[in-house]
Amino acid sequence: MSESSVNIARHRELDLMAQPDEHGHFGAYGGRFVAETLMAPLEELRHAYEQYLQDPGFLAELDEELRQYVGRPTPLYFARRWSEHLGGARLYLKREDLNHTGAHKVNNTVGQALLARRMGKKRVIAETGAGQHGVATATVAARFGMSCVVYMGAEDVRRQAINVYRMRLLGADVVPVESGSRTLKDALNEAMRDWVTHVDDTFYIIGTVAGPHPYPVMVRDFQAVIGRETREQILKQAGRLPDALVACVGGGSNAIGLFHPFLEDDVALHGVEAAGEGLASGRHAAPLCAGRPGVLHGNRTYLMEDDDGQIIETHSISAGLDYPGVGPEHALLKDCGRARYVAVTDAEALAAFHDLSRLEGIMPALESSHALAHAARLAVEMGRDGLIVVNLSGRGDKDIHTVAAHEGIEV
Amino acid sequence: MSRIAACFEGLRAAGRTALIPFVTAGDPRPAVTVPLMRAMVAAGADLIELGVPFSDPMADGPVIQRASERALRHGVSLRRVLEMVRSFREQDAQTPVVLMGYLNPIEVMGYETFATAAAAAGVDGVLTVDMPPEEATGYAAALAEADLDPIFLIAPTTTDARLARIAAMARGFVYYVSLKGVTGAASLDVAVVTARLAHIRRFTSLPLGVGFGIKDARAAARIGRCADAVVVGSALVSLIEAAGDDEARCRQEVTTLLAGMRAALDASPADTPAADRAGGEARDEKAAETRSQAT
């Protein structure tokens with residue numbers, strides 16, 4: 001019996017497909033840890049979400065948007081030269097980088113914007129770190145004629161000037177957040193404050209599978225299109241299920257989107273966190289690998305925190321992975337052993353970024369490069385009979401300034 | 001009887017409304033807090049809410065977030081807040097102290113360890129902003145075991161089903177958040193608050209405190225006519241922020257504001273004695289009106 005079969009046997013009793021429970025608990029994780037003022041809007045959202053998830057009209061509309069606007073289905077691409085270069089397992093790439101706006105984020109923002117419209121909300125807000133979710137939100141707001149405010153840490157506004165301008169071109173109002181560490185977690189705090197003050201007309205589009213119930217389950221369901229397509233495509237193209245799936249994990253939405261439709265299959269799941277300058281350095285963003293459970297942003301999950309329970313600052317070369325928490329479903333998959341979580345350093349991710357660019361003519365996002373680096377190691381371990389799917393969650397154009405600066409090159 | 005219950009019983013007998021100041025522990029420096037607590041009691045505070053600094057105070061506005069940041073720069077953790085309460089208790093055995101903060105520091109310490117340590121330090125109640133009753137079974141049991149009162153928030157949008165649930169778990173008093181939004185937000189509609197409190201009284205006989213939006217003596221007096229307690233937070237924390245390192249000025253401005261509120265509350269007694277307020281058919285009409293406004 002393979003390692004993954006043992007794990008499947010162990011978590012079968014848990015019924016992973018039935019998670020979360022009605023209160024949004026994924027085992028001991030998830031839930032709804034928010035101030036009383038947010039309870040009513042979260043209930044309103046849960047009701048609407050559960051209603052429209054069953055509504056054939058809504059689902060058909062979503063499907064049409066995903067096809068005509070986002071460009072789905074995305075290809076499952078066999079990376080032949082990269083696989084041969086490594087000399088191990090065959091590597092397939094799920095090309096989420098080919099979505100409109102260049103990343104998987106839009107799968108979710110389209111879904112939530114359609115939901116907002118059904119709920120009669122005319123204003124959407126979002127938090128963003130690197131700016132990818134902000135761009136994806138500004139994009140759908142323009143598409144559906146909604147006003148849009150994006151909260152972004154002042155430090156990230158400085159680091160991601162191009163995405164800030166991109167959002168403004170799309171008509172969004174980008175608000176720099178000066179509080180706390182002036183990064184993604186502070187932007188999330190600020191967006192929550194906006195929402196609680198303007199709940200009547202505002203829909204808060206969270207970008208990842210974290211936050212208070214129903215966000216983790218709702219975002220997962222919108223992203224699970226990645227895994228459903230992959231399952232169908234790999235059966236058609238390779239004639240069998242893969243041995244392993246690999247995806248990067250910041251909040252974890254692209255990973256859950258890929259993993260979820262495979263939870264009951266004999267397929268190993270590998271989530272890859274950002275080890276930054278190395279787990280031992282303390283400068284990383286790997287709560288699953290090196291953090292511990294706590295409560296932040298409305299859910300119980302693994303966190304980066306100090307001994308007093310204060311949230312600590314994270315580090316990663318990839319802004320999209322630079323977050324001190326992680327989706328609660330990942331916390332459960334880790335604890336029950338169904339998924340395995342590892343971490344990849346800035347340097348390893350950069351090497352993978354270059355390899356894929358040169359060998360396949362595909363420039364991956366630095367986030368996705370973390371998954372690629374781990375997949376490369378796994379491919380070698382697994383040998384030529386192996387079959388691996390990597391989620392190429394976004395394209396790397398947005399990162400060329402970061403890469404150049406890191407390598408001392410002036411662009 | 002708990003210190004909080006005794007406090008409210010004494011106020012009820014005297015026909016007075018409780019004045020509850022909120023300050024963040026350790027803001028702007030740890031040494032300021034205990035003397036400031038004593039000065040606030042001398043200026044007329046009946047109960048003190050002490051904010052436990054947290055790195056991500058999601059439900060607070062910018063004023064209180066900055067207070068948290070100032071305190072955290074001095075390393076003010078939950079353990080140090082408990083030391084401050086212990087020090088306050090050495091000279092004040094009567095004034096109840098309620099800790100107000102976020103769950104994660106308590107979660108990391110462990111519910112039982114925290115409850116035991118807080119009770120030993122002289123804490124009377126705990127308001128954990130991001131701990132709703134749905135998630136609070138183990139937490140509330142640990143507090144009860146240590147004779148600490150779990151304080152809960154009620155919002156303008158809280159449904160009757162949740163009101164019942166909160167009422168079943170709450171002890172000490174209930175804190176009505178009079179505005180949508182975060183701490184420090186703008187203005188307050190007294191008529192709406194009055195009607196809403198009457199509705200809440202159908203679910204609980206606990207004293208009702210009102211906070212959010214009470215900035216001066218006039219607002220305190222207006223709210224004091226319908227509430228059992230008024231909570232003032234951001235207005236005080238703003239004074240502390242403006243005083244900077246000038247500790248004497250900080251204490252003086254804080255006590256001046258509180259003394260003014262105290263005087264205004266005492267000069268403007270409650271419309272109805274608190275003892276008569278639990279329930280009452282006569283208020284149903286107003287309550288129904290509020291429900292439609294609140295939903």
Side-chain angles (χ1 to χ4, degrees), chain A residues 22-25 28 30-44 177-182 184-200 202 211-213 292-301 303-313 324-325, chain B residues 52-62 65-66 68-69 72 75-81 101-109 114 127-136 152-159 161-163 165-166 175-177 179-186 212 294-295:
Chain A
E22 58 176 325
H23 300 295
H25 296 119
R32 189 182 275 168
F33 295 88
V34 295
E36 183 59 27
T37 41
L38 276 174
M39 280 294 176
L42 286 168
E43 269 305 280
E44 183 195 4
V177 177
E178 299 283 353
S179 56
S181 60
R182 307 172 4 137
L184 174 58
K185 73 178 180 68
D186 309 289
L188 210 152
N189 293 334
E190 207 59 38
M192 284 279 182
R193 291 175 184 138
D194 177 313
W195 195 35
V196 74
T197 313
H198 302 106
V199 285
D200 294 338
T202 298
H213 181 57
R292 60 182 173 187
V295 171
L296 178 70
H297 292 151
N299 61 138
R300 183 178 282 121
T301 186
L303 298 176
M304 303 268 296
E305 61 186 5
D306 67 16
D307 291 340
D308 294 323
Q310 308 293 344
I311 306 308
I312 57 180
E313 288 184 29
Chain B
V52 180
F54 183 51
S55 52
D56 293 79
M58 233 166 64
D60 284 297
Q65 170 151 26
R66 286 198 298 272
S68 253
E69 287 171 10
L72 286 173
V76 177
S77 63
L78 181 52
R79 281 176 206 284
R80 285 191 71 184
V81 176
Y102 292 79
L103 181 58
N104 202 48
I106 295 175
E107 182 101 352
V108 166
M109 191 181 280
F114 162 73
L127 197 176
T128 302
V129 176
D130 53 351
M131 176 55 109
E134 286 87 343
E135 304 280 358
F152 286 97
L153 298 172
I154 289 175
T157 50
T158 301
T159 59
R162 300 201 74 255
L163 270 178
R165 184 165 213 161
I166 292 167
Y175 186 149
Y176 177 61
V177 175
L179 287 173
K180 286 181 193 169
V182 294
T183 53
F212 283 36
T295 50

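Model, not experiment: these values are computed from the prediction. We name chains A, B, ... by the order of the sequence lines, and we start the count at 1 in each one.
Atom-to-atom distance recorded for A/Met39:CE and B/Leu153:CG is 10.5 Å, nearest 0.5 angstrom. For the atom pair B/Met109 CE and A/Asp307 CG, the distance stands at 11.0 Å (nearest 0.5 Å). Atom OG in B/Ser77 sits 8.5 Å away from atom CG in A/Asp306 (nearest 0.5 Å). Summarising the geometry, atom CD belonging to B/Glu135 is positioned 8.5 Å from atom NE2 belonging to A/His23; distances are rounded to the nearest 0.5 Å.
Taking both residues in full, the closest heavy atoms of A/Arg193 and B/Asp60 are given as NE-O, 2.6 Å, listed atom of the first, atom of the second, then distance. B/Met131 approaches A/Phe33 most closely through the heavy-atom pair SD-CE2, 4.1 Å. A/Val34 and B/Pro132 get closest at one heavy-atom pair: O-CD, 4.2 Å. Across every non-hydrogen atom of A/Gly309 and B/Asn104, the tightest pair is O-ND2, 2.9 Å.
In this structure, the portion of B/Leu72 lying under 4.5 Å from any heavy atom of chain A is its side chain and not its backbone. At a 4.5 Å heavy-atom cutoff, B/Arg66 makes no contact with chain A through either its backbone or its side chain. Residue contact with chain B, scored on non-hydrogen atoms closer than 4.5 Å, involves the backbone and the side chain of A/His297 alike. In this structure, the portions of A/Ile311 lying under 4.5 Å from any heavy atom of chain B include both its backbone and its side chain. Neither the backbone nor the side chain of A/Glu44 comes within contact range of chain B, judged by heavy atoms closer than 4.5 Å.
Without hydrogens or angle criteria, A/Glu36 side chain to B/Ala155 main chain gives no donor-acceptor distance under 3.5 Å. Remark: side-chain polar atoms of B/Glu134 are not paired, donor with acceptor, to backbone N or O of A/Gly31 under 3.5 angstrom.
Within 6.0 Å of atom CD in A/Glu313, 12 or fewer heavy atoms from other residues, nucleotides or ligands are found, so the atom counts as exposed in its surroundings. Within 6.0 Å of CZ on A/Arg292 lie more than 12 heavy atoms contributed by other residues, nucleotides or ligands.
Of the listed residues (A/Ile312, A/Val295, A/Leu296), the greatest number of heavy-atom pairs within a distance under 4.5 Å of chain B belongs to A/Val295. Contact tally against chain A (heavy-atom pairs below 4.5 Å) for B/Leu78, B/Thr128, B/Thr158: the top residue is B/Thr158.
At least one side-chain heavy atom of A/Lys185 sits less than 4.5 Å from a side-chain heavy atom of B/Asp56. Residues B/Ser55 and A/Glu305 are not in side-chain contact: their nearest non-hydrogen atoms beyond the backbone lie 4.5 Å or more apart.
The existence of a salt bridge linking B/Glu107 and A/Arg300 is confirmed by a sub-4.0 Å separation between a basic side-chain nitrogen and an acidic carboxylate oxygen.
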